[in-house]
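Here is the structure we will look at.
Bear in mind the structure is a predicted one, so any value in this text is a computation, not a measurement. Below, chain A is the first sequence line, B the second, and so on; all start at residue 1.
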Amino acid sequence: MKLIVAFIQPHKLEDVKKALFKAEIHKMSVTSSLGCGQQKGFTETYRGIISEVNLLKKTRLDIAVNENFVEPTIKAIIEGARTGNIGDGKIFVTDLHEVIRIRTGERGKEAIG
Amino acid sequence: MKLIVAFIQPHKLEDVKKALFKAEIHKMSVTSSLGCGQQKGFTETYRGIISEVNLLKKTRLDIAVNENFVEPTIKAIIEGARTGNIGDGKIFVTDLHEVIRIRTGERGKEAIG
Amino acid sequence: MKLIVAFIQPHKLEDVKKALFKAEIHKMSVTSSLGCGQQKGFTETYRGIISEVNLLKKTRLDIAVNENFVEPTIKAIIEGARTGNIGDGKIFVTDLHEVIRIRTGERGKEAIG
Amino acid sequence: MEKFLSLIRRSWKIGLLILFTATGFLHAEETVEAAAATAPSHLPVDFIWLLVTGFLVFLMQAGFAMVETGLTRAKNAGNILMKNLMDFCIGSIAYFIVGYGLMYGASKAGLFGTDNFFLNKANPGSVDGLWEYASWLFQVVFAATAATIVSGAMAERTKFTAYLIYSFIISLIIYPVSGHWIWGGGWLSKLGMIDFAGSTVVHSVGGWAALVGAIILGPRSGKYNAQGKPRAIPGHNIPLAALGVFLLWFGWFGFNPGSTLKFSNVIGHIAVTTNLAAAAGALMAMFTVWIIYRKPDVSMTLNGALAGLVAITAPCSVVSPVSSLIIGGAAGILVVLSVEFIDKVLKIDDPVGAISVHAVNGAFGTLCVGLFAESRFAEAAGFSPVSGVLFGGGWHQFGVQLTGVVSVAAWVLVTVSIMFLIIKHTVGLRVSREEELKGLDIDEHGMEAYPGFQIIN
Amino acid sequence: MEKFLSLIRRSWKIGLLILFTATGFLHAEETVEAAAATAPSHLPVDFIWLLVTGFLVFLMQAGFAMVETGLTRAKNAGNILMKNLMDFCIGSIAYFIVGYGLMYGASKAGLFGTDNFFLNKANPGSVDGLWEYASWLFQVVFAATAATIVSGAMAERTKFTAYLIYSFIISLIIYPVSGHWIWGGGWLSKLGMIDFAGSTVVHSVGGWAALVGAIILGPRSGKYNAQGKPRAIPGHNIPLAALGVFLLWFGWFGFNPGSTLKFSNVIGHIAVTTNLAAAAGALMAMFTVWIIYRKPDVSMTLNGALAGLVAITAPCSVVSPVSSLIIGGAAGILVVLSVEFIDKVLKIDDPVGAISVHAVNGAFGTLCVGLFAESRFAEAAGFSPVSGVLFGGGWHQFGVQLTGVVSVAAWVLVTVSIMFLIIKHTVGLRVSREEELKGLDIDEHGMEAYPGFQIIN
Amino acid sequence: MEKFLSLIRRSWKIGLLILFTATGFLHAEETVEAAAATAPSHLPVDFIWLLVTGFLVFLMQAGFAMVETGLTRAKNAGNILMKNLMDFCIGSIAYFIVGYGLMYGASKAGLFGTDNFFLNKANPGSVDGLWEYASWLFQVVFAATAATIVSGAMAERTKFTAYLIYSFIISLIIYPVSGHWIWGGGWLSKLGMIDFAGSTVVHSVGGWAALVGAIILGPRSGKYNAQGKPRAIPGHNIPLAALGVFLLWFGWFGFNPGSTLKFSNVIGHIAVTTNLAAAAGALMAMFTVWIIYRKPDVSMTLNGALAGLVAITAPCSVVSPVSSLIIGGAAGILVVLSVEFIDKVLKIDDPVGAISVHAVNGAFGTLCVGLFAESRFAEAAGFSPVSGVLFGGGWHQFGVQLTGVVSVAAWVLVTVSIMFLIIKHTVGLRVSREEELKGLDIDEHGMEAYPGFQIIN
Ligand SMILES: Nc1ncnc2c1ncn2[C@@H]1O[C@H](COP(=O)(O)OP(=O)(O)O)[C@@H](O)[C@H]1O
Ligand SMILES: Nc1ncnc2c1ncn2[C@@H]1O[C@H](COP(=O)(O)OP(=O)(O)O)[C@@H](O)[C@H]1O
Ligand SMILES: Nc1ncnc2c1ncn2[C@@H]1O[C@H](COP(=O)(O)OP(=O)(O)O)[C@@H](O)[C@H]1O
């Protein structure tokens, strides 16, 4: 099993969710986050000060999937989030050792979906 | 070492904390999150529109533990969070490669607690 | 590749960012979090009730790096965040299986920076 | 006889004394005769009443700003606040330059006013001249109310520059002209239309403009799904919206009772009908949503209070308290049904319910004059003793009211459509989809309303 | 003689002129004799003063709503706002139907009023008839203040329907009856009790009801741990709470000075004592918490200002500014100790401190009349020239005040207990533990107050 | 003759009647002669006007609190609210004890007042004695305005205790003395300086004190980088800040028109100039930032409205509406340039722009009297018929105004510097860097303003 963590543009969340649903991935967790990446931040003027905002609002997705869903998930995220512009975001994949469904105590592949 | 990430119902946080403390797990990090799981969301009416809210408020726990604490931690979380209803949440376990205590620079099993 | 997750004091974020930039680590994600650690919390009085606040505000950093950057990153975080007091925080390192840049679809070591 | 003469002397002295103290501006040396001749047409209590109530109406700007901000998303909060502030600022200037003259200047064929631009009839040399200033102040806050209504219906997707232009034009021309018809001695006032505090003059004008704006703009992206089903886009700060409603209700105690335009003993009666209608509106809206959707929706209940207030605005001085409960209650039901209808059937996206509150209930309230007016109240309020249909007055007054509602609606719908279409095809009316998704604050103002707060969406 | 006659003519003209302009409603054709006969008992300045101050008191609804919302948790914000709005709406209607008549109608044995239901003595045909409307408006905002106090103490766990029923009954019967005793010409007023603006009539009534409610409901889950030690449950939005206190303070300038019920030269004095007591209350509350807990707690300081205001409400017109500083300061200390006592000893959970602010300090303020009253102020304010214990007046007035405090407390405690117990055993008073943990907004209203914001708890 | 006599009788009756009802305090038994002798110097409309406008000015405290809270960071919100509340509370008491007497007591060489401490000239026995209370109330809210300005400029780093001491001293001595010079019959008023509602007396005093405070404190940590380039530290709650500006604008309708100090027919004119200047200020500030930085910055536009209001405060009663547009517009431009200059050239850290708004535009507005005054307005407002440079009056008045601006600036800069330096070297003026980074709420008050909300920074 893998845990997929993606940082995307906040306003792309809807599109990504749609793409994931189409790919039959229905489970995920969403958090808001600030990110610093290749998109070097934009200049904001606040009270006449042009300031480089380098922590940009991003939306973080955590999606746990079985191996065979890893690529479809990545594909769906890319499909929903890509615009071709800097700031589109990144996807990180880590190994997932175990999953437990609290309600039933089920573990592993069964529990993930 | 393992990193345990759990998504639980926000109003169960107190109970889970209590259960963890009883199991002598005192260290954790808590974030609020939105989740999409088997609990398909509830219908909210806002200004007469019945809308399916499918990103539900969840609380995320990150707990880093040594191997021998993995099962007690899982047990405690389940004990505190389980109601038997859909939405009770999930627990994810990943491998933890290294832990460093910033204050002392200690590493590994020593640093985790 | 590794994913480094650090919990630091919120007011140390600027210093940590500076230290990371100096070490040429420019990419990261930042979230606010509540933490329970060795710093046992402080007592707050609210309306005459002395209450033990044991979930303290912390800032969470997620930094994905290539292996050769792991130690510099850890060093930079420590440099920026350490005061020698309880509450300075912790760093967790997990293995990163894969990284994908959404914009280009690049993967792996190339994509991480 | 000595006693008699002394009596006279005393009475003379008292008269002079009172005149002197009460009016303040008369010099003791002036002969009594002269004093009588220049007796002030506007008393201190008139000035105080008009200004204090005008100040309360000003505070409605804060109320609208809070309601609209609270009922839209955080990412557009700075933008909607700026629009609310700016329509008042630009409107003030437009109304000073031209609007007030167009509304209250010497009437040209009952269609529009033709003088008193730049307040040039006002002057510090006479009570009447000074009154003119007070009068303008009271009128400008009404003009601004009409203007600001639109921002809510067009929220979260309108270009800032487009909104500035709109604000200027509505306060400069559109509002003043129809205002002239009813309040400025124009043709509708001659027909006998009664719109005491402006259900039509102010609220419907704003409401119809909001309708046109919302239609031409189209819905916010994401508001309707592929099948045309509406999605809820919840407001981000309900406490702010509720505060706004309280401020509006408070301001309405200036809006309605102040519309006597000078002190009158009927102000208490007007405050009562205003209050009861608002209470009934909120209550009935709550019960209506509760029955239909099983939950007492907060934002709709807030709308209900406003609907009651808008509906009672025209008839507040000519109906009984019991009638005001009925009018307000009906308005509360109406606003829920209207929001439903506009959202689900017409598929017009009005984020804060401005069209239902101001256009629909403005029209409804204006017609209520024709239904619920009672001659005893009308007379006390200084109108001719008309009665509505339900109080034996027949359908005449109703017909007059209907004429007013329809003609003002026509005027606004046509002129505002032209205005928005011109704006659309020149500077552009709507921000890009990209900008809309990011939020207007970032691109239009380079800022966030709540930096530091973690917000999703 | 010619000069003499002309003098007379002039004086006659002036007299008529002033009468005409000043009263407004007299028709020139009426004979002067008749005019004199129907001379208005209520002057324009009386109307203006009563209504403007009444409007300010209305704004206290916004103040209470903000304080209560700010001092409770985000997950219950929509619910508490609705309760605040609804108690005013329902209260307005209940007070219109029955409450006002019960309070101010012709007295039955000094116990309750018996006529003027549905405001049926009000009419647009005379100044007195019109005054009745203004008077109702002023009184209804006071009734609503009493009603709204309870929502704070019962916050975060009371069923919405139960609260609606409570609101109706308190404004319909409970508040009006004890109000009649003191303000409506009832038995306490005949005893000579002085409660100028309602420390007892309004605040204690609300406060005692809050006490009963909080006891019957029981504490919020999580408020006390297994050992019975209280836990802090911090309010979620302190800026909103602070705004609420400023709005309340502002509204109190209507509450106290407006309670002259018509224009009077003492209004400035009342505003001064009101302001000084509030300032002293905030200051002393701050120092008290600071000394006890080492930190100047913000929410307690806010409570201190309100405590000072509540305490000065009864004696505001009969005490000197220096006394008002003492009363307010004592109230500030008292509120801190009372919150402590109620929270830690009695273990009654009052999320916003309503019992301490309104019941305890309402009683304290009422007794202060018996301690600090000075005849010169009492006389100027239209009372008989009573003096308090500290100014040589002996214990008589204090005894009267105490009688009032105790009997009103008894009345409210008994009736409200009955009411809440009936509600508890019929529709139910408290939401389920599950619902409480999730927050009342979700289950009772299907909404969130701040969607999009990431909130823990 | 019979008819004649009856006429006289009637006129006598009417006269008496009116006298009786209009003044209220005269007893019918008093002889008419005596009545005339004790004719009230202060009429009911004077009391009502002074108090109602004073209440509005009080609400400016809420406005300042919201603006300052909104424009600073969440971690300091509780602290700034407490400071705003406390400067009013402490200021009220200081002004009661000494300040008012120092400002308006019998003048000592035109430098300061020497009696009426503890309001001891006020008494309930006469209209004049009662007027004294009303007058104090109106003055104390002005004093508090001057005091509260400072908190914004010194926000996010000033020790709470230091701020309490400062509040006490400014309201006790510093504000009253220069106030005496201009408003209390002191030497500047004798020179003929016109500062109608206090651009200098109130705003500049606050503004200069803010300047000194901000300099002595030094910038917030992180405000300037190593190279001295300023960083933006955005305010955390823009809707709150906008609400604050609306409340301030509303309060200013008390501030300026109320400064007639009694009823006057010019109040409408003053309200108009006040409103137009604010509108022009916001508009021009918006366009100025827009041109310079390509974005219509919200917080700067809000500052623009306030700048317009501050600038029109001195000249509001002596200039035409068109002049008020020019003054306000210029103030709007000036505030942007001044914020720039102070921030980037002087490198003084003023989180909310208080120095630019109050000191710079206070001075500018005061000078505008010398430029834009017109004799016809000055006369109507009760001044000698002065004209400004632009209206043919020559440079005399400008010179007088300049003298006033400079001497008040000197007084404040010197005394406040001494005060802050003493505080700095005794109790300490600034919190530790650690505390500043954590936020003042935690260490100074042991609380958070928004517990539960996830906030970064
Ligand atoms: N190495 C990294 N570690 C942690 N988070 C990262 C890393 N790289 C990118 N991110 C996250 O992803 C977001 C988008 O990355 P960015 O570099 O802007 O996209 P792109 O690669 O398309 O230019 C960043 O704002 C940050 O939140
Ligand atoms: N595969 C997953 N990936 C990421 N998060 C998940 C996944 N499955 C569940 N979650 C998180 O756990 C929460 C609870 O899951 P849910 O399916 O509702 O519980 P249950 O298994 O008891 O029905 C979800 O709201 C989501 O935040
Ligand atoms: N075992 C753990 N699992 C998850 N988070 C932890 C763990 N230990 C510490 N943390 C996080 O790190 C933060 C700082 O830890 P703390 O123990 O206070 O630091 P120190 O080790 O210097 O005493 C905590 O508030 C918490 O958010």
message: So for W290(D), is it side chain, backbone, both, or neither that comes closer than 4.5 Å to the heavy atoms of chain E?
response: side chain
task: Establish, yes or no, whether a centroid distance under 6.0 Å links the rings of F88(E) and W249(D).
output: yes
- request: Examine whether an atom of V141(E) lies under 4.5 Å from a heavy atom of chain D, and if so say whether it belongs to the side chain, the backbone or both; otherwise answer neither.
  value: neither
Best-contacting candidate, A305(D), A380(D), A271(D), against chain E by heavy atom pairs under 4.5 angstrom: A271(D)
- request: Would you indicate whether the side-chain heavy atoms of V298(D) and N79(E) approach each other to under 4.5 Å?
  value: no
query: Would you call I455(D) and Q454(E) a side-chain contact if the rule is heavy atoms closer than 4.5 Å?
result: no
task: Using non-hydrogen atoms and a 4.5 Å limit, figure out which bit of I80(E) sits close to chain D: side chain, backbone, both or neither.
output: neither
task: Select one option (side chain, backbone, both, neither) describing which atoms of F453(D) are under 4.5 Å from chain E's heavy atoms.
output: side chain
- request: Answer with side chain, backbone, both or neither: which region of L325(D) has an atom nearer than 4.5 Å to a non-hydrogen atom of chain E?
  value: side chain
query: Are side-chain heavy atoms of L81(E) and P239(D) found at a separation under 4.5 Å?
result: yes
query: Under a 4.5 Å cut-off applied to non-hydrogen side-chain atoms, are N265(D) and F47(E) in contact?
result: yes
field: Region of S92(E) that comes under 4.5 Å of a non-hydrogen atom in chain D
entry: both
- prompt: Do P321(D) and F118(E) have side-chain heavy atoms sitting under 4.5 Å apart?
  reply: no
- prompt: Which bit of A77(E) is near chain D, if near means a heavy-atom gap under 4.5 Å: side chain, backbone, both or neither?
  reply: side chain
message: If I measure from the heavy atoms of chain E, does V52(D) come under 4.5 Å with its side chain, its backbone, both, or neither?
response: side chain
- prompt: Does the side chain of L85(E) come within less than 4.5 Å of M286(D)'s, by heavy atoms?
  reply: no
field: chain D contact via L247(E) - which portion, at a heavy-atom distance below 4.5 Å
entry: side chain
Interchain contact, E444(E) with chain D, by part (heavy-atom threshold 4.5 Å): backbone
Winner by heavy-atom pair count (cut-off under 4.5 Å) against chain D, out of G78(E), G91(E), A134(E), P451(E): P451(E)
message: Please report whether the ring centroid of F55(E) lies less than 6.0 Å from that of F250(D).
response: no
task: Can you measure from CG (L119(E)) to CG (L276(D)) and round to the nearest 0.5 angstrom?
output: 8.0 Å
query: How many angstroms lie between OH in Y133(E) and OG in S320(D), if you round to the nearest 0.5 Å?
result: 7.5 Å
- request: Using non-hydrogen atoms and a 4.5 Å limit, figure out which bit of F138(E) sits close to chain D: side chain, backbone, both or neither.
  value: neither
query: Do side-chain atoms of H269(D) reach the backbone of L130(E) as a donor and acceptor pair under 3.5 angstrom?
result: no
- request: Please tell me if the side chains of M82(E) and P296(D) come closer than 4.5 Å, counting only heavy atoms from C-beta onward.
  value: yes
From CA spacing to verdict: side chain to side chain contact (heavy atoms under 4.5 Å, CB included), Y450(E), N237(D): CA-CA 5 Å; Y450(E) 305 95; N237(D) 197 329; 3.4 Å; yes
- prompt: Is there a side-chain contact between L43(E) and F263(D), using heavy atoms and a 4.5 Å cut-off?
  reply: no
task: With a 4.5 angstrom heavy-atom cut-off, could you sort out which part of L243(D) is near chain E: side chain, backbone, both or neither?
output: both
Side-chain donor/acceptor of K295(D) to backbone N/O of M447(E), under 3.5 Å: no
- prompt: Non-hydrogen atoms of chain E under 4.5 Å away: do they reach the side chain of N275(D), the backbone, both or neither?
  reply: side chain
